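The block underneath contains the structure these notes are about, expressed in structure tokens.
What you are looking at is a predicted structure, and each value in this text was computed from that prediction instead of being measured. Lettering follows sequence order; numbering is per chain, from 1. Side chains included, hydrogens not; waters and symmetry mates left out as well; all remaining heavy atoms used.
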Amino acid sequence: MTDARRRRTGEALGFWLLLAPSLLLLVLVFARTVAGVVRMSFNGWTPPSFYVEDVVLDHYVRLATDPLIREAAFNTVVLAFQAALTSVVLAYVMTLIVWLRPKRFRLTVIGLMLCPLLASEISIIFGWWLVLPRNGLLSYMLVGSGLVSEKINLLYTEFAAFLGLVYAILPYSFFILLSVMDRQDRLLIEASADLGASPLSTFREVVLPLTWRGVVLAFSQALIWAFGIYATPSALGPDTLWTMGQRIQEEMIGRANWPLASAIAVAMIAAIALLLVVMRTVEPKERTA
Amino acid sequence: MSESILELERVRLQYGPVVAVDDVTVAVGRGEFVTLLGPSGSGKTSTLRLVGGFEHPTGGVIRIAGRPVNGLPANRRDTATIFQSGALFPHKTVAENIAYGLRMRRVPAAEIARRVAEMLEIVALPGFEHRYPAEMSGGQRQRVALARSLVVRPSLLLFDEPLSALDLALKLQLRAEIKRLHAELGFSAVFVTHDQGEALSLSDRVAVMQKGRIEQIDRPDTLYNRPASEFVYTFMGESNRLDVTVGGGAIRDLQGHLLPLTLEDGLAEGAWRLYLRPSRLHLSEHEPVRSNALRCTVSMVEFLGDHFRYHLACHGLRLMCDVSAKLGLSEGSDVIASWDGADMRAYR
């Protein structure tokens with residue numbers, strides 16, 4: 001065995017040794033659990049038992065045909081897309097400001113963006129309960145500022161569910177976009193202007209293409225978060241707004257139909273996996289000077 | 001007046017208490033190549049950025065082609081900048097980079113293609129149209145940057161230390177290329193550098209800047225041979241410095257040793273700093289070959305490729321002397337260093 005080959009083998013061994021603990025944890029905690037959920041989704045269901053050992057496709061057939069599940073899927077996808085899109089647009093504007101403005105803005109905005117990550121989802125929901133109802137903070141502020149004449153209730157509306165989701169996923173979009181934008185050379189903006197480009201042309205020709213990769217990454221991450229968040233839309237939205245997360249809870253706890261709940265979960269995991277594959281292929285390559 | 005492409009009149013740039021550019025007045029003629037030379041923090045880059053429209057003056061007037069441009073943003077000025085890093089668009093090919101300024105000026109596509117191809121010939125990069133900047137060397141990227149600015153035929157080209165990031169061989173090669181292009185195309189240019197060699201070789205005139213002001217602006221040979229100030233003299237090249245006192249018709253070093261020196265003009269009584277370029281000293285073993293002479297000891301010999309540098313000591317004074325051929329002198333040898341009085345400059 002030559003020295004170079006021995007060294008390569010050594011490097012490969014070191015790589016796997018270093019990876020081993022986290023890989024082991026991932027297999028034990030995550031892969032095993034997902035495998036369990038997949039297995040459960042093929043079991044039969046005869047009330048009052050939670051499930052019966054079997055291999056059937058009943059629950060997947062229901063998944064495709066049950067109008068309640070279809071409605072929940074539709075709601076989840078629409079809500080997640082709206083929230084992800086809104087969060088990426090807001091985050092893009094904010095990162096652009098942080099990127100272009102002096103340093104002192106940077107720390108302030110980064111600090112503000114960290115806030116939602118420091119509190120738990122449940123305490124943030126309690127916060128919304130103080131802000132959104134008829135006698136809440138927002139209503140008082142709107143009436144006080146003269147924007148509306150009567151107190152308004154926003155709690156338990158689709159808008160509240162959307163707002164809560166956007167708030168929850170905004171930090172992820174922001175930090176992903178910031179990391180991509182920080183790697184760009186600000187001098188390129190000056191070079192573009194120097195060659196006669198208006199600020200709008202510079203944005204279209206230089207800034208957006210260079211940060212497009214960040215937009216795609218941030219959008220797919222935001223979408224995955226928005227897809228999976230369960231408590232926020234169910235606590236802030238109206239009773240009529242069913243999401244997939246709520247559907248799983250209902251089947252699992254309300255109706256004790258574990259195989260169906262598992263089938264819904266598997267469908268969601270598959271949808272996210274598919275989304276990641278699609279995003280990978282549309283994700284532009286990065287070119288660095 | 002109309003002969004000047006660029007005029008700066010008492011231009012000032014101040015950030016709070018910091019004065020970056022302090023009442024700079026200068027004019028650049030059509031087709032002229034003017035260099036702003038100075039150490040970092042001297043205000044040369046700030047002055048260039050004011051002309052390019054990246055900063056706006058807090059006082060004074062800037063005119064390009066006779067038209068005041070104060071407050072006009074960079075994209076509406078007829079200038080083009082070559083940045084130190086090149087600042088090429090990494091997501092665009094060489095051809096797209098060069099075409100950028102023309103597209104922004106809404107030049108028809110056919111003409112863009114023609115002018116881009118022509119430019120690639122001029123900067124000696126034909127066949128590189130479809131490369132990306134990441135696939136090119138630093139020198140090639142800087143040629144593309146040059147082409148990208150030249151192709152829009154600006155009234156004025158601005159060079160912001162374009163050669164500083166390159167290694168020596170490439171720097172000299174590209175420097176010669178810029179000189180050739182200037183001779184061929186006759187563009188007007190303001191070139192910023194801290195390298196006096198670049199300034200002297202490229203420029204029609206050089207402005208030496210310090211602390212936001214222009215110390216002297218002159219043709220390169222005048223600047224080198226007749227510097228207006230001690231700063232200009234020391235910045236234009238390496239020098240020996242002799243701290244002396246003049247009293248009772250005699251020149252002494254700070255320890256009181258008598259120095260048998262004669263200058264062209266006599267010196268008034270007091271403390272003086274005398275300067276002398278290392279290349280102007282002559283070494284001899286027995287008899288001085290020039291009018292001013294000091295008996296020294298060799299303290300160190302350095303080999304610097306194309307010449308040798310002798311470090312000499314004479315009482316408390318230290319002298320450097322550059323000679324092209326190695327002399328039979330080793331460390332500790334006695335030697336006579338001599339020079340013409342006219343090669344010495346005195347400042348107090």
Side-chain angles (χ1 to χ4, degrees), chain A residues 88 92 95-106 176-220 279-289, chain B residues 15 48-49 51-55 72-94 96-107 131-138 140-142 144-145 147-154 156-160 165:
Chain A
V88 169
Y92 197 90
T95 44
L96 213 52
I97 292 170
V98 169
W99 186 54
L100 293 174
R101 290 280 140 193
K103 275 253 152 41
R104 58 201 151 86
F105 279 92
R106 191 183 171 87
I176 290 170
L177 280 169
L178 189 64
S179 74
V180 170
M181 216 168 291
D182 269 343
R183 269 183 293 160
Q184 309 308 325
D185 184 0
R186 262 185 295 190
L187 202 58
L188 295 177
I189 296 178
E190 286 190 357
S192 173
D194 186 62
L195 291 163
S198 64
L200 199 68
S201 299
T202 297
F203 178 76
R204 200 185 55 228
E205 291 277 341
V206 179
V207 180
L208 197 58
L210 285 174
T211 52
W212 185 246
R213 191 169 162 270
V215 173
V216 172
L217 277 175
F219 182 75
S220 53
M279 285 298 176
R280 258 300 143 76
T281 54
V282 299
E283 183 181 299
K285 264 188 286 171
E286 190 176 26
R287 291 188 185 277
T288 45
Chain B
Y15 306 100
L48 195 80
R49 290 177 61 79
V51 176
F54 304 117
E55 307 278 349
L72 210 62
N75 58 316
R76 295 178 52 208
R77 292 191 189 195
D78 192 14
T79 56
T81 308
I82 294 103
F83 296 91
Q84 184 178 345
S85 64
L88 297 180
F89 304 121
H91 60 300
K92 290 181 187 287
T93 62
V94 167
E96 287 167 349
N97 264 284
I98 298 175
Y100 193 79
L102 297 175
R103 271 182 52 226
M104 293 304 131
R105 285 165 173 75
R106 305 199 190 289
V107 174
R131 294 271 192 104
Y132 282 90
E135 299 161 355
M136 304 177 85
S137 71
Q140 290 171 333
R141 285 208 289 265
Q142 220 47 328
V144 176
R148 186 176 70 173
S149 295
L150 277 170
V151 78
V152 298
R153 296 171 190 159
L156 186 63
L157 271 179
L158 306 175
F159 293 86
D160 187 7

message = Under a 3.5 Å distance rule, please check whether B:Gln142 uses its side chain to pair with a backbone N or O of B:Ile82 as donor and acceptor.
response = no
query = About how many Å separate CZ of B:Arg148 and CG of B:Leu102, when rounded to the nearest 0.5 Å?
reply = 12.0 Å
request  = Check whether B:Phe89 gets within reach of chain A through its side chain, its backbone, both or neither, counting any heavy atom under 4.5 Å.
outcome  = both
message = Test of understanding: with side-chain hydrogen bond (donor to acceptor under 3.5 Å, both in side chains), list the residues that count as partners of A:Ser198, not counting sequence neighbours.
response = A:Ser201
task = With rounding to the nearest 0.5 Å, note down the distance linking CD1 in A:Ile189 to OG1 in A:Thr202.
result = 7.5 Å
query = Quick one: what part of B:Arg76 sits under 4.5 Å from any heavy atom of chain A, side chain, backbone, both or neither?
reply = neither
query = So which of B:Thr79, B:Val152, B:Asp78 has the largest heavy-atom pair count under 4.5 angstrom toward chain A?
reply = B:Thr79
key: B:Arg49 versus chain A, the contacting section by heavy-atom distance below 4.5 Å   = side chain
query = Contact part of A:Asp185 toward chain B, heavy-atom cut-off under 4.5 Å: side chain, backbone, both or neither?
reply = side chain
key: Residues which pass side-chain hydrogen bond (donor to acceptor under 3.5 Å, both in side chains) with B:Arg103, listed by chain and number, not counting sequence neighbours   = A:Glu205
